[in-house]
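Worksheet: the structure to be examined is printed underneath.
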Amino acid sequence: MTLKVHNTLTRDKEEFIPRDPPKVGMYVCGITPYDETHLGHGRAYVTFDVIRRYLEYSGYEVNYVQNITDVDDKIIAKSNANRVTSNAIAEKYTQSYFEVMDKLNVKRASVYPKATEHIDEMVSWIVGLLDRGYAYVLEDGVYFEVDKFADYGKLSGKRKEEQEAGARIEVKGAKKNPLDFALWKKAKAGEPSWPSPWGEGRPGWHIECSVMSTKYLGEQFDIHGGGLDLEFPHHENETAQTEAFTGKVPWVKYWIHNGFVNVNKQKLSKSLGNFFTLKDVFEKFDPMVVRLFLLSTHYRSPINYSDVELAAAREAYGRIVKFVEDIDFLITHPPAPSLPAGRQGLKKRGGEEEGEVNVIEREDIDEELAPYRDKFMAAMDDDFNTAGAVAAIFDMIKFCRKTLDDGEAEKECLKLMKESVVGLCEVLGLKIENRKLKIENRRVEGLIVEREAARKNKDFKRSDEIREQLAEQGIEIEDTRYGTKWKAQA
RNA sequence: GGCGCAGUAGCCAAGUGGUAAGGCGGCUGUCUGCAAAACAGCUAUACGGCAGUUCGACUCUGCCCUGCGCCUCCA
């Protein structure tokens with residue numbers, strides 16, 4: 001089986017062959033931290049997290065770079081409005097971003113380079129582009145000259161001649177072509193700025209991604225991702241300036257873009273006021289439910305937010321969790337040892353002749369589980385079809401339940417079923433936690449708190465009782481100067 | 001105006017040139033003193049419309065209708 005990836009550059013599904021296997025260099029456009037992280041961000045970063053996880057699962061070593069645009073008009077506007085430094089704004093929302101992503105179980109990137117920490121490199125790129133004749137200086141900054149780059153438009157499929165007729169292009173006089181974009185913006189009063197050959201100022205939006213991606217991944221690399229809305233002009237501009245600067249083509253081998261989150265069929269957006277912050281959504285739904293909801297649609301299709309669909313995802317997620325809980329229960333509650341030695345399992349439910357039990361062994365199950373794993377892989381190999389992959393997980397669960405209904409499973413066999421389901425979920429970044437064990441933990445924690453209180457009151461009788469009580473349940477406690485630790489005896 | 005995406009059961013959503021994965025919901029059953037929960041079974045003669053290609057299309061082509069996105073900051 002081979003992995004196929006839809007490449008925006010070729011508008012086709014292609015076999016994925018990294019430049020230098022098993023290494024994969026992957027760059028994803030990160031956030032501009034000026035406000036709370038919303039569901040749209042969630043979709044984007046869950047998408048690339050799944051891609052990253054699947055590549056790793058497939059044996060690749062992924063170097064995942066995600067930038068943080070910590071200097072920008074909106075950050076500056078907010079800092080001025082709130083009378084704090086733009087750095088404070090950026091810090092605050094970056095922190096918030098990580099909190100929320102952790103909840104969604106998005107693995108951390110290998111590195112999160114910040115724009116403000118790479119200003120020198122950006123300046124030298126701009127100098128280089130000027131030297132090479134791809135840029136020019138105006139009153140208010142330095143601009144990239146789109147007409148000097150013959151391939152302009154190759155990513156987005158937009159021809160610059162055709163854009164000029166459009167109504168939505170700004171009609172600024174000074175630029176040679178309306179599509180020319182700022183590499184460097186000269187500072188206005190009250191803006192953060194850095195020195196440059198063109199005076200104090202700050203970099204334009206696109207240059208940071210070119211500079212930072214190539215710095216950490218090399219002048220050419222495998223995957224560049226981001227939301228569909230970044231395809232043009234952001235990614236187009238990045239491509240133009242990078243290939244102009246390095247002279248190496250193609251800069252990026254595979255371009256991957258995720259679709260939007262819609263509400264009432266419209267794109268989530270600030271201007272429409274129809275966006276949900278992830279923190280808001282988590283008030284109503286568990287982050288893993290949100291993740292499953294996101295995974296239930298192919299990453300390139302639009303996905304419509306609705307409480308009804310989130311609730312459906314919650315039910316579905318609950319069924320996966322319930323399955324794992326049921327298996328855990330069977331593992332910890334083996335049936336009466338009236339069965340032949342070494343054989344533990346379930347009593348057959350339907351009434352067949354007594355004494356005749358259909359014992360299911362680990363090897364058999366391993367073999368029978370294979371088709372579901374294959375279905376999962378086939379779906380993921382087909383441009384990361386997470387919807388198909390999720391279906392495979394449900395198929396696997398259904399098969400396991402049916403098998404358990406038909407006969408007795410060895411403990412090893414039960415473990416294998418659990419590992420198989422949980423393992424596939426893990427590839428999708430879906431954490432499956434046994435809620436009952438969690439409650440159990442909470443109960444233990446509660447007793448420990450009670451015991452600590454008793455000790456404080458020198459009620460050692462009660463505290464010893466609790467220690468005894470826990471010990472009977474196989475829980476050992478250890479008092480340390482940092483507090484009481486506990487562990488279950490193996 | 002240019003470029004592009006989508007239209008599959010009550011809802012969401014995969015998918016294949018040879019007659020439709022999965023989830024939610026609904027219905028029925030198992031379990032239960034009853035219920036709830038849970039689990040199980042069933043639940044699209046049909047894939048926006050009209051033509052065409054083909055032995056055969058939901059899947060390919062053309063046109064049309066509807067919705068959406070990018071071309072301005074945006075995941």
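Excluded from the calculations below are hydrogen atoms, water molecules and symmetry mates; all remaining heavy atoms, backbone and side chain alike, are included. Residue numbers start from 1 in every chain, and the chains themselves are labelled A, B, ... in the order their sequence lines are given, proteins ahead of strands.
For the segment residues 253-260 of chain A, residues with any heavy atom less than 4.0 angstrom from an atom of RNA chain B are, sorted by number, A:N258, A:G259, A:F260.
For B:C70, the OP1/OP2 oxygens have a side-chain nitrogen or oxygen of A:K267 closer than 4.0 Å.
Set against B:C39, B:G23, B:G15, the side chain of A:R401 has B:C39 as its closest nucleotide. Proximity note for A:D326 (side chain, C-beta onward) versus B:C68, B:A38, B:C70: the nearest is B:A38.
Residue contacts shown for A:S306 are absent, as no nucleic acid heavy atom lies under 4.0 Å away.
Using a cut-off of 4.0 Å between Lys/Arg side-chain N and Asp/Glu carboxylate O, A:R53 and A:D49 are scored as salt-bridged. Of the charged side-chain nitrogens involved, none lies within less than 4.0 Å of a carboxylate oxygen, so that A:E368 and A:R373 do not count as a salt-bridged pair.
Pairing of B:A21, defined by two Watson-Crick or G-U wobble distances under 3.5 Å, is not identified with any nucleotide. Partner assigned to B:A46 is none, using Watson-Crick or G-U wobble distances below 3.5 angstrom. Shown here, B:C70 forms a base pair with B:G2; the pair counts as Watson-Crick or G-U wobble because both key distances fall under 3.5 Å. When both distances must be under 3.5 Å, the Watson-Crick or G-U wobble mate of B:U32 does not exist.
Counting distance only, with no hydrogens placed and no angle test, the side-chain atoms of A:K158 and the base atoms of B:C70 include a donor-acceptor pair under 3.5 Å.
For the pair A:K148 and A:Y134, the cation-pi criterion (under 6.0 Å, within 45° of the ring axis) is not fulfilled. The cationic group of A:K176 lies under 6.0 Å from the six-membered ring centre of A:Y136 and within 45° of the ring axis, placing it in a cation-pi geometry.
Spacing between atom CG of A:L268 and atom P of B:C70 amounts to 12 Å, rounded to whole angstrom units.
Evaluated for a side chain to side chain contact (heavy atoms under 4.5 Å, CB included) with A:H224, the options A:V252, A:T8, A:V65, A:L217 yield exactly one hit, A:V252.
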